[in-house]
Amino acid sequence: MNKPVFILNGPNLNRLGTREPEIYGHTTLAEIGTMCREAAGARPVEFRQSNREYEIVEWVHEAIDAPACGIIINPAAFTFTSIAILDALKMFPGPIIELHISNIHRREDIYQKSLVSRIATAVIAGLGPKGYATAVQAMNDLAEASKPG
Ligand code: CA2
């Protein structure tokens, strides 16, 4: 079965490409979604964005029930604040890639302490919008590697 990959995006990322291009680039979130679908090949992609914490929690539950082959998540500001998203991600049995467009470790103190990194399989930060395609390729490899037989 070709399980879907869930790619979840947190608050304000719907505004990508409109402000601070020196940090986040010129690419819009819709364009990133297209890049992800291209990188995924035959694998179905659930590419979503929300400014609401509860909605992201519910999408993680949906990924658990689907089941998804993995979750790629850019929690944006919720990275540093959301125990609710952390608790939901802890219930997901497969690989989780935490992704940031910018290198959060080079930024102000408030962007330094991710709650998600402790439970993520891998973290990608600082590759710009192309980091999403890198994450999808890595997730495809992880999914292949965990296939039985
Ligand atoms: O680098 C990333 O991907 C971040 O997750 C983006 C978050 C920030 O809180 C994290 O530290 C790093 C902020 C997203 C803000 O979205 C914008 C959208 C358009 C223009 C400017 C910001």
Side-chain angles (χ1 to χ4, degrees), residues 1-20 23-25 27-104 107 110-147:
M1 186 176 60
N2 217 355
K3 294 179 184 171
V5 55
F6 274 53
I7 306 176
L8 306 181
N9 295 283
N12 297 307
L13 290 167
N14 54 319
R15 311 288 291 184
L16 274 182
T18 63
R19 283 182 51 236
E20 299 184 78
I23 302 178
Y24 299 109
T27 313
T28 65
L29 196 64
E31 289 166 340
I32 290 175
T34 301
M35 280 162 42
C36 287
R37 288 192 183 86
E38 282 169 11
R43 185 174 299 288
V45 172
E46 291 293 336
F47 189 91
R48 302 181 188 176
Q49 186 275 335
S50 181
N51 297 322
R52 300 179 181 93
E53 186 178 25
Y54 83 89
E55 201 159 30
I56 297 175
V57 169
E58 293 197 341
W59 289 342
V60 173
H61 295 173
E62 197 183 319
I64 294 164
D65 294 339
C69 72
I71 297 175
I72 298 168
I73 184 162
N74 183 347
F78 292 148
T79 308
F80 316 101
T81 63
S82 179
I83 293 173
I85 292 174
L86 173 67
D87 285 344
L89 288 170
K90 279 183 179 171
M91 295 179 217
F92 182 71
I96 295 168
I97 299 180
E98 176 187 351
L99 181 134
H100 300 282
I101 295 167
S102 62
N103 180 353
I104 56 174
R107 300 190 57 197
I110 54 161
Y111 296 117
Q112 298 281 327
K113 193 136 183 57
S114 166
L115 295 175
V116 176
S117 297
R118 286 180 67 101
I119 56 98
T121 310
V123 180
I124 295 173
L127 293 180
K130 286 186 181 156
Y132 281 82
T134 304
V136 169
Q137 283 154 12
M139 190 57 83
N140 258 346
D141 292 346
L142 288 167
E144 280 303 312
S146 68
K147 260 190 186 168

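Worth saying up front: this structure is predicted, and the values here are computed from it rather than measured.
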Chemist: Side chain of Glu46, backbone of Pro4: donor and acceptor closer than 3.5 Å?
Modeler: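 It does not hold such a pair.
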
Chemist: So, Asn140 and Arg43: side-chain donor and acceptor under 3.5 Å apart, yes or no?
Modeler: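 The answer is yes; a qualifying pair exists.
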
Chemist: Atom OG in Ser117, atom CD1 in Ile96: separation rounded to 0.5 Å?
Modeler: 11.5 Å

Chemist: Quick check for you: to the nearest 0.5 Å, what is the distance between Gln137 atom CD and Leu142 atom CG?
Modeler: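 Here the rounded value is 12.0 Å.
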
Chemist: For Ile23 versus Ile101, what's the shortest heavy-atom pair and its separation?
Modeler: O-CG2, 4.2 Å

Chemist: If we ignore hydrogens and angles and just use 3.5 Å, is the side chain of Glu98 paired with the main-chain N or O of Ile72 as donor and acceptor?
Modeler: no

Chemist: Inspect the contact between Arg48 and Glu62 and indicate whether a charged nitrogen and a carboxylate oxygen are less than 4.0 angstrom apart.
Modeler: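 Counted as a salt bridge, because a side-chain N and a carboxylate O are separated by less than 4.0 Å.
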
Chemist: Taking the side chain from Asn74 and the backbone from Asn9, do they hold a donor-acceptor pair closer than 3.5 Å?
Modeler: no

Chemist: Could you state the interatomic distance from OH (Tyr24) to NE2 (His100), rounded to the nearest 0.5 Å?
Modeler: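 Result: 10.0 Å between the selected atoms.
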
Chemist: Taking all atoms of both residues into account, what is the closest heavy-atom pair of Leu99 and Ala135, and its distance?
Modeler: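 Closest approach of Leu99 to Ala135: CD1-CB, 3.7 Å.
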
Chemist: Drop me the distance from Glu55's CD to Leu8's CG, to the nearest 0.5 angstrom.
Modeler: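 CG of Leu8 is found 10.5 Å from CD of Glu55.
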
Chemist: Closest heavy-atom contact between Ile85 and Ser82?
Modeler: N-OG, 2.9 Å

Chemist: More than 12 heavy atoms of other residues, nucleotides or ligands under 6.0 Å from CD1 of Ile110: yes or no?
Modeler: yes

Chemist: Can you tell me how far CD of Glu20 sits from CG of Asn12, rounded to the nearest 0.5 angstrom?
Modeler: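 Interatomic distance, Asn12 CG to Glu20 CD, rounded to 0.5 Å: 10.0 Å.
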
Chemist: Considering non-hydrogen atoms only, spot the tightest contact between Pro75 and Pro11 and give its length.
Modeler: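 Closest pair (atom of Pro75, atom of Pro11, distance): O-CD, 3.6 Å.
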
Chemist: If you draw the axis of the six-membered ring of Tyr111, does the NZ or CZ of Arg107 fall within 45° of it and under 6.0 Å from the ring centre?
Modeler: yes

Chemist: Identify the heavy atoms of Ala125 and Ser102 that sit nearest to each other, and give their distance.
Modeler: CB-O, 3.6 Å

Chemist: Just by modelled atom types, is the Ala42 backbone N or O under 3.5 Å from a matching donor or acceptor in the Asn2 side chain?
Modeler: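 It does hold such a pair.
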
Chemist: Report yes if the side chains of Tyr132 and Phe47 come closer than 4.5 Å at any heavy-atom pair, otherwise no.
Modeler: yes

Chemist: Heavy atoms, side chains only, cut-off 4.5 Å: are Glu31 and Pro129 in contact?
Modeler: no

Chemist: Check whether any side-chain heavy atom of Phe78 sits under 4.5 Å from a side-chain heavy atom of Ile56, and report yes or no.
Modeler: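 Side chain of Phe78 against side chain of Ile56, heavy atoms only: contact under 4.5 Å found.
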
Chemist: Minimum heavy-atom separation for Ala63 to Ile71, with atom names?
Modeler: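 Ala63 and Ile71 have their closest heavy atoms at CB-CD1, 3.8 Å.
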
Chemist: Within this structure, what is the NZ-OG distance for the pair Lys3 and Ser146, rounded to the nearest 0.5 Å?
Modeler: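 Answer for the NZ-OG pair, Lys3 versus Ser146, is 7.0 Å.
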
Chemist: Ignoring hydrogens and geometry, is there a side-chain-to-backbone donor-acceptor pair from Gln49 to Leu29 under 3.5 Å?
Modeler: no

Chemist: Is a donor on one side and an acceptor on the other found under 3.5 Å between the side chain of Thr79 and the backbone of Ala76?
Modeler: yes

Chemist: Does any N or O in the side chain of Thr28 come within less than 3.5 Å of the main-chain N or O of Leu16, such that one atom is a donor and the other an acceptor?
Modeler: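 Pair absent, no side-chain N/O of Thr28 close to backbone of Leu16.
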
Chemist: Counting C-beta onward and ignoring hydrogens, is there a side-chain heavy-atom pair between Pro67 and Phe92 closer than 4.5 Å?
Modeler: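 The answer is no, as the side chains (C-beta and beyond) never meet within the 4.5 Å cut-off.
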
Chemist: Assess the residue pair Ile97 and Ile73 against the criterion (side-chain contact (heavy atoms from CB on, under 4.5 Å)); give the C-alpha distance rounded to whole Å, side-chain angles, the decisive distance to 0.1 Å, and a yes or no.
Modeler: CA-CA 6 Å; Ile97 299 180; Ile73 184 162; over 6 Å; no

